[in-house]
Peer 1: 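Attaching a single structure in structure tokens format; questions to follow.
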There are 2 protein chains.
Amino acid sequence: MARVVVDVMLKPEILDPQGQAVQGALLRLGFDSVTGVRQGKRFEIDVDGPADDALVSRAQEMAATLLANLVIEDYSVRVES
Amino acid sequence: MARVVVDVMLKPEILDPQGQAVQGALLRLGFDSVTGVRQGKRFEIDVDGPADDALVSRAQEMAATLLANLVIEDYSVRVES
């Protein structure tokens, strides 16, 4: 049993209105040192089997196939424990 | 200039239909070793100033005030670079 975490974020050149809304709210709440916010998705995936390189490459395949839209999003994969 | 990452996930005891839908799709795509998926949010927040303990506690305040709903969600904060 292993857990992989896949983070999916909009590419830097893609406008992120959700992140901008959060930034606006943080500024209104008085967190005035905030200069930028990007919001993305985090997937925690539990998988049967060992936490090895094969798992990383399978998780990358999951991300590229389903979890991320590669036209507008980047992903990163890491194995936890 | 520092960056904090805030991860917000549903508490383990809260049903996550979005994660279940992703799990179903992964299984249909042939990733049959997947035993569970939880989907959450990831915020990348750029902040003026140093990456110190004060930043971590400010980010925890942002998470508790705005980014997470503490009734149903947990958050974790970490400083990057």
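Below, read A as the first sequence line, B as the second, and so on, with proteins coming before strands; counting in each chain starts at 1. Predicted, not measured: the structure shown is a model, and the values here were computed from it.
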Peer 1: Quick check on the interface: out of B:Leu67, B:Val22, B:Val6, B:Thr65, who has the most heavy-atom pairs with chain A under 4.5 Å?
Peer 2: B:Val22
Peer 1: Who among B:Gly49, B:Gly40, B:Ala25 has the most heavy-atom pairs with chain A under 4.5 Å?
Peer 2: B:Gly40
Peer 1: Is it true that B:Lys11 and B:Glu73 have a side-chain N and a carboxylate O under 4.0 angstrom from each other?
Peer 2: no
Peer 1: Between A:Gln18 and chain B, with a heavy-atom cut-off of 4.5 Å, which part of the residue counts as in contact: side chain, backbone, both or neither?
Peer 2: neither
Peer 1: Which pair of non-hydrogen atoms, one from A:Asp32 and one from A:Leu27, has the smallest distance, and what is that distance?
Peer 2: CA-CD2, 3.8 Å
Peer 1: What's the shortest heavy-atom distance between B:Asp46 and B:Met1, and which atoms?
Peer 2: CB-CE, 3.8 Å
Peer 1: Where does A:Phe31 contact chain B at under 4.5 Å (heavy atoms): side chain, backbone, both or neither?
Peer 2: side chain
Peer 1: For B:Val8, is there any backbone N or O sitting under 3.5 Å from a side-chain donor or acceptor partner on B:Asp74?
Peer 2: no
Peer 1: Is it the backbone or the side chain of A:Ile45 that comes under 4.5 Å from a heavy atom of chain B, or both, or neither?
Peer 2: both
Peer 1: So, A:Gln23 side chain and A:Gly19 main chain: donor-acceptor pair closer than 3.5 Å or not?
Peer 2: no
